[in-house]
Amino acid sequence: MINVALSGVFYPDRQLAVSADTNPDDVARPALDYYNAGSSIPYDSYIMTNGYVWISYIAGSGKRRYVAVGPDDGQIDTTWGRGFLIRNIFFKQGL
């Protein structure tokens, strides 16, 4: 698991679920809300876990929220939108 502070704005190209954690099981933990295609999601960190890259932010409620933005496959062209560059991971880690 990699957890890095990196801020930005992500623009999904499809509907993405908002979660209270990074568990991708929609049955055990249903979505809290959704972002629609073309909306903007400001984030302050990301985490790579459970097979996905998740952006994260503090919601208006003061609670941390997570949105999966693509598979954890090291590719920049497999995210579900634009605004998250996986190459920043390698830069931040000095690779």
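Heads up: numbering here begins at 1 and tracks the sequence. Because the structure is a prediction, the values reported are computed rather than measured. Atom set for the values below is all heavy atoms of this structure, side chains included, hydrogens, waters and symmetry mates excluded.
For Arg29, the salt bridge (charged side-chain N to carboxylate O under 4.0 Å, His left out) criterion is met by Asp21, not counting sequence neighbours. Legend: residues meeting side-chain contact (heavy atoms from CB on, under 4.5 Å) with Tyr57, ordered by chain and number and at least two apart, are Val18, Tyr35, Ile41, Ala59, Arg65, Val67. Asp25 pairs by the side-chain contact (heavy atoms from CB on, under 4.5 Å) definition with Asn23, Val27, Ala28, not counting sequence neighbours.
Nearest heavy-atom pair across Ser40 and Tyr11 is CB-CE2, 3.5 Å. Here the closest heavy-atom approach between residue Ala31 and residue Ala17 is recorded as CB-CB, 3.7 Å. In terms of heavy atoms, Arg64 sits closest to Ser56 at NH1-OG, 2.7 Å. When all heavy atoms of Trp80 and Pro71 are compared, the closest pair comes out as CZ2-CD, 4.0 Å.
Note: Phe10 CZ to Thr79 OG1 = 4.5 Å, rounded to the nearest 0.5 Å. Here the straight-line distance linking atom CD1 of Ile55 with atom CD1 of Ile47 works out to 13.0 Å at 0.5 Å rounding.
For the pair Trp54 (side chain) and Thr49 (backbone), a donor-acceptor distance under 3.5 Å is present. Between the side chain of Asn50 and the main chain of Pro24, no donor-acceptor pair closer than 3.5 Å is present.
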